[in-house]
Amino acid sequence: MIKVEELDSQFKYEVMKEPGGEHLTNCFACGTCTASCPIREVNEHFNPRRIIRMTVLGMKEEVLSSSFLWLCTGCYACQERCPQGVCLTDLMAVLKNIAVKQGYMHPSYEAQIAALHNYGGLYEIEDFTNKKREQRGLPPISQNVLATRKLLGLANIYNYIKNQ
Amino acid sequence: MKYSLFLGCTLPVRGQNYEISARKVCETLGIKLYYNDRYLCCGFPLKAVDSNAAFLFSAFNIAIAEAQGLDMMTMCAACTGILTETNHRLKQDEVLRLEINKKLNDFGVEFKGTIDVKHFARILYEDIGVNTIKKKIKKKLKGFRFAAHYGCHYLKPSESFNKFDEPENPKSLCELINVTGAKSINYEENLSCCGGGILGIDEETSLAIANKKLNYVKKEGADAIILLCPFCDVMYEQNQKKMERIFQQEYNIPVLYYSQILGLALGFAPKELGFNMNTIKPKALLAT
């Protein structure tokens, strides 16, 4: 049951002031997003229309602390089809970004940031990789760890990591 | 025709058959690729964490190509998506551009908005053209039926891509397949995502999405799935055996990169196109 006194009426404005979240209240709940969603097809835990309604109603904590928020693959099927121009995939990114600021970053992203910090990319390039590449006639690759760290710092990404 | 090649993270490590074959194809079609050792991560992994951080990484890479004076060629759909979106956004949003350029100043580069970012297949389709490719075909792949898989971020969000292909009914990859002499077939849910975006978040859901597509492709009896993205390959090929165990099914569907089949049609031998790295062998195709 939804309790009115527990809702945060300001949440939708918080979302709508972020680039990509502006069109939230255009939604007339037709459900084209949910019908188009490849995740929804295999996992009932994820429902874009429901996430929009929860956001509009102000169910801030439920949305931001949820595990379903992270199930969006970002495939844009909903965004391309939305008759109201809600820009749903962008909106999902906005919600995830706000969740991160509230301390709810999914551990998978912490691991990706750690890889960027440690290797300058998602994969470690070992001598073995470049030896293989050489055997296959491909040029060696280098990873710019220091420049990556500097850019991560300028982007304030380190502020989001709990174990720093 | 000159391009600065943006490899990204996944391609040079897990998609070397794609890289090898695409380099051969580009050489044959007169696309000269330039290397740049200053490139960083495209920014895509940071989109969910902080969109502006993703735009900053993308803008850095675009600025590097701008300093080189070259348009950028991408090969991974995820890199293509975030770089194209950033390029489109920053060309229009002066406030964000100034904010980002202030940070890029530390590196001595600037996003000016002077270049294009294009996926390898888009370059073949738009800049080279199907008719030109047709004239260079040496060996037609007659009788083969392939299932095109457009990686989502190869053409979406369509607003950023200037709708170079129709997002709901794309034809560029189908036409590029047909020009090899093979036939691009229709199959159910042909536009659906590979599920790769959430492989690290919810493997079960992610593989369930990939499983659906493999079943639809199998139902139509396709000789292979044809891809444009190394992460789609992680899903369909590198996880195919695992999915067979989980879903108690046998697919046995070869997963090939478009550059590999075009390379065959242009007259290259399979060993020159990295087919030894494909784990599910397209036996009939390699026997021709």
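Protein chains get the first letters and strands the later ones, always in sequence-line order, with residue 1 at the start of each. Keep in mind the model is a prediction, meaning the values are calculated, not measured.
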Asks: Taking every non-hydrogen pair under 4.5 Å, which of Gly200(B), Ala48(B), Gly8(B) racks up the most with chain A?
Replies: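 Of the options given, most contacts go to Ala48(B).
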Asks: For chain A, which of Leu104(B), Asp93(B), Asp202(B), Asp106(B) has the most heavy-atom pairs under 4.5 Å?
Replies: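 Top count of heavy-atom pairs under 4.5 Å with chain A: Asp106(B).
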Asks: Under 4.5 Å, counting heavy-atom pairs only, tell me which of Asn43(A), Leu95(A), Val94(A), Leu138(A) racks up the most with chain B.
Replies: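 Top option by heavy-atom pairs under 4.5 Å: Leu138(A).
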Asks: Hey, which of Gln143(A), Gln112(A), Lys150(A), Lys132(A) has the most heavy atom pairs under 4.5 Å with chain B?
Replies: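 The candidate making the most pairs under 4.5 Å is Lys150(A).
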Asks: Of the listed residues (Pro157(B), Pro12(B), Pro167(B)), which shares the most heavy-atom pairs with chain A below a 4.5 Å separation?
Replies: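 Between Pro157(B), Pro12(B), Pro167(B), the count favours Pro157(B).
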Asks: Using a cut-off of under 4.5 Å on heavy-atom pairs, state which of Lys101(A), Arg136(A), Gln79(A) scores highest against chain B.
Replies: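 Max contact count across the listed options: Arg136(A).
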Asks: Check this for me: Glu134(A), atom CD, are more than 12 non-hydrogen atoms of other residues, nucleotides or ligands nearer than 6.0 Å?
Replies: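 Not more than 12 within 6.0 Å, no.
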Asks: Looking at OG of Ser108(A) and CD1 of Ile201(B), how far apart are the two atoms once the value is rounded to the nearest 0.5 Å?
Replies: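 That separation rounds to 4.5 Å.
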Asks: Which distance, rounded to the nearest 0.5 Å, do you find between the CD of Glu159(B) and the CG of Asp90(A)?
Replies: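 These two atoms lie 8.5 Å from each other.
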Asks: Determine, step by step, whether Leu46(B) and Leu116(A) satisfy the side chain to side chain contact (heavy atoms under 4.5 Å, CB included) criterion, reporting the C-alpha distance in whole Å, the side-chain angles of both residues, the deciding distance to 0.1 Å, and the verdict.
Replies: CA-CA 10 Å; Leu46(B) 298 170; Leu116(A) 289 178; 4.1 Å; yes
Asks: Hey, does Asn97(A) have a side-chain heavy atom less than 4.5 Å from the side chain of Asn52(B)?
Replies: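 Sidechains of Asn97(A) and Asn52(B): no contact.
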Asks: Can you name the closest pair of heavy atoms from Thr73(A) and Cys193(B) and give their distance?
Replies: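 Smallest heavy-atom distance, with atoms named: OG1-SG, 3.5 Å.
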Asks: Below 4.5 Å from any heavy atom of chain B, which atoms of Cys72(A) appear? Answer side chain, backbone, both or neither.
Replies: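 Just its backbone gets close to chain B.
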Asks: Is chain B contacted by the side chain of Leu154(A), its backbone, both, or neither, given a heavy-atom distance below 4.5 Å?
Replies: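 Both parts, heavy atoms under 4.5 Å.
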Asks: Is there any residue in residues 22-38 of chain A with a non-hydrogen atom under 4.5 Å from a non-hydrogen atom of chain B, and which ones are they?
Replies: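 Under the 4.5 Å heavy-atom cut-off, Pro38(A) qualify.
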Asks: Taking atom OH of Tyr35(B) as the centre, report whether more than 12 heavy atoms of other residues, nucleotides or ligands fall under 6.0 Å from it.
Replies: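 Counting neighbours around OH of Tyr35(B), more than 12 heavy atoms of other residues, nucleotides or ligands fall under 6.0 Å, so yes.
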Asks: Could you tell me which portion of Pro45(B) (side chain, backbone, both or neither) has an atom closer than 4.5 angstrom to a non-hydrogen atom of chain A?
Replies: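 Both parts, backbone and side chain.
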Asks: What part of Glu204(B) gets within 4.5 angstrom of chain A, counting heavy atoms only: side chain, backbone, both, or neither?
Replies: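 Nothing of Glu204(B), per the 4.5 Å heavy-atom cut-off to chain A.
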Asks: Is Glu94(B) atom CD crowded by more than 12 heavy atoms from other residues, nucleotides or ligands, each under 6.0 Å away?
Replies: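 Incorrect, the count does not exceed 12.
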Asks: Which bit of Ile141(A) is near chain B, if near means a heavy-atom gap under 4.5 Å: side chain, backbone, both or neither?
Replies: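 Both parts, heavy atoms under 4.5 Å.
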Asks: Does any backbone or side-chain atom of Thr10(B) lie under 4.5 Å from a heavy atom of chain A? Answer side chain, backbone, both or neither.
Replies: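 Both parts, backbone and side chain.
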Asks: At a heavy-atom separation under 4.5 Å, does Pro107(A) approach chain B through its side chain, its backbone, both, or neither?
Replies: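 Contact with chain B: none, neither part.
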Asks: Keeping Glu80(A) on the side-chain end and Ser158(B) on the backbone end, is there a donor-acceptor pair under 3.5 Å?
Replies: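 Here the side-chain-to-backbone pair exists.
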Asks: On a heavy-atom basis, which atom in Leu122(A) and which in Cys9(B) lie closest, and how many Å separate them?
Replies: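 Smallest heavy-atom distance, with atoms named: N-SG, 3.3 Å.
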Asks: Taking every non-hydrogen pair under 4.5 Å, which of Met277(B), Lys103(B), Gln16(B) racks up the most with chain A?
Replies: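 The option with the most such pairs is Gln16(B).
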Asks: Could you go through Asp50(B) and Val100(A), starting from their C-alpha distance and side-chain angles, then the distance that decides it, and tell me whether this counts as side chain to side chain contact (heavy atoms under 4.5 Å, CB included)?
Replies: CA-CA 8 Å; Asp50(B) 184 325; Val100(A) 167; over 6 Å; no
Asks: In the structure I gave you, are the side-chain heavy atoms of Glu19(B) and Arg133(A) within less than 4.5 Å of one another anywhere?
Replies: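 Sidechains of Arg133(A) and Glu19(B): in contact.
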Asks: Between His153(B) and Gly74(A), is there a donor-acceptor pair closer than 3.5 Å when you use the side chain of the first and the backbone of the second?
Replies: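 Judged by distance alone, yes, a pair lies under 3.5 Å.
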Asks: For atom CD of Glu110(B), decide whether the heavy atoms of other residues, nucleotides or ligands shown that lie under 6.0 angstrom number more than 12.
Replies: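 Yes.
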Asks: Is it the case that over 12 heavy atoms from other parts of the model lie below 6.0 angstrom from the CD atom of Gln92(B)?
Replies: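 Buried by this count: over 12 neighbours within 6.0 Å.
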Asks: Test your reading of the model: is there a side-chain donor-acceptor pair from Lys156(B) to the backbone of Tyr76(A), 3.5 Å cut-off?
Replies: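 No, because the side chain of Lys156(B) does not come within donor-acceptor range (under 3.5 Å) of the backbone of Tyr76(A).
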Asks: Select one option (side chain, backbone, both, neither) describing which atoms of Leu7(B) are under 4.5 Å from chain A's heavy atoms.
Replies: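 When you check distances to chain A, only side chain atoms of Leu7(B) fall under 4.5 Å.
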Asks: Chain B heavy atoms under 4.5 Å from Ile125(A): which part of the residue, side chain, backbone, both or neither?
Replies: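 Side chain only.
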Asks: Apply side chain to side chain contact (heavy atoms under 4.5 Å, CB included) to residues Glu168(B) and Arg81(A) and explain how you reach the verdict.
Replies: CA-CA 9 Å; Glu168(B) 288 292 302; Arg81(A) 290 177 190 171; 2.8 Å; yes
Asks: Any donor-acceptor pair under 3.5 Å linking the side chain of Asn144(A) with the backbone of Tyr39(B)?
Replies: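 Such a contact is found between Asn144(A) side chain and Tyr39(B) backbone.
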Asks: Would you say that Glu41(A) contacts Ser192(B) through its side chain, given a criterion of any heavy-atom pair below 4.5 Å between the two side chains?
Replies: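 Not in contact.
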Asks: Would Val49(B) and His106(A) satisfy side chain to side chain contact (heavy atoms under 4.5 Å, CB included), going step by step from the backbone distance to the final call?
Replies: CA-CA 9 Å; Val49(B) 177; His106(A) 190 280; over 6 Å; no
Asks: Should we count NZ of Lys171(B) as having more than 12 external heavy atoms under 6.0 Å?
Replies: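 Counting other residues, nucleotides and ligands, NZ of Lys171(B) stays at 12 neighbours or fewer.
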Asks: So for Phe57(B), is it side chain, backbone, both, or neither that comes closer than 4.5 Å to the heavy atoms of chain A?
Replies: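 Contact with chain A: backbone and side chain both.
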Asks: Hey, is CD on Glu27(B) packed in by over 12 heavy atoms from elsewhere, all under 6.0 Å?
Replies: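 No, not enclosed.
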Asks: Need one label for Ile113(A): side chain, backbone, both or neither, based on atoms under 4.5 Å from any heavy atom in chain B.
Replies: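 For Ile113(A), the contact with chain B is made by the side chain alone.
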Asks: Should Ile39(A) and Thr205(B) count as side-chain neighbours, where that means a heavy-atom distance under 4.5 Å?
Replies: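 They are in contact (side-chain heavy atoms under 4.5 Å apart), so the answer is yes.
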Asks: Quick one: which residues of residues 47-71 of chain A reach chain B at under 4.5 angstrom, heavy atoms only?
Replies: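 The list, in residue order, reads Trp70(A), Leu71(A).
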Asks: For chain B, find which of Pro139(A), Gly121(A), Ala77(A), Gly137(A) contributes the most heavy-atom pairs closer than 4.5 angstrom.
Replies: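 The option with the most such pairs is Pro139(A).
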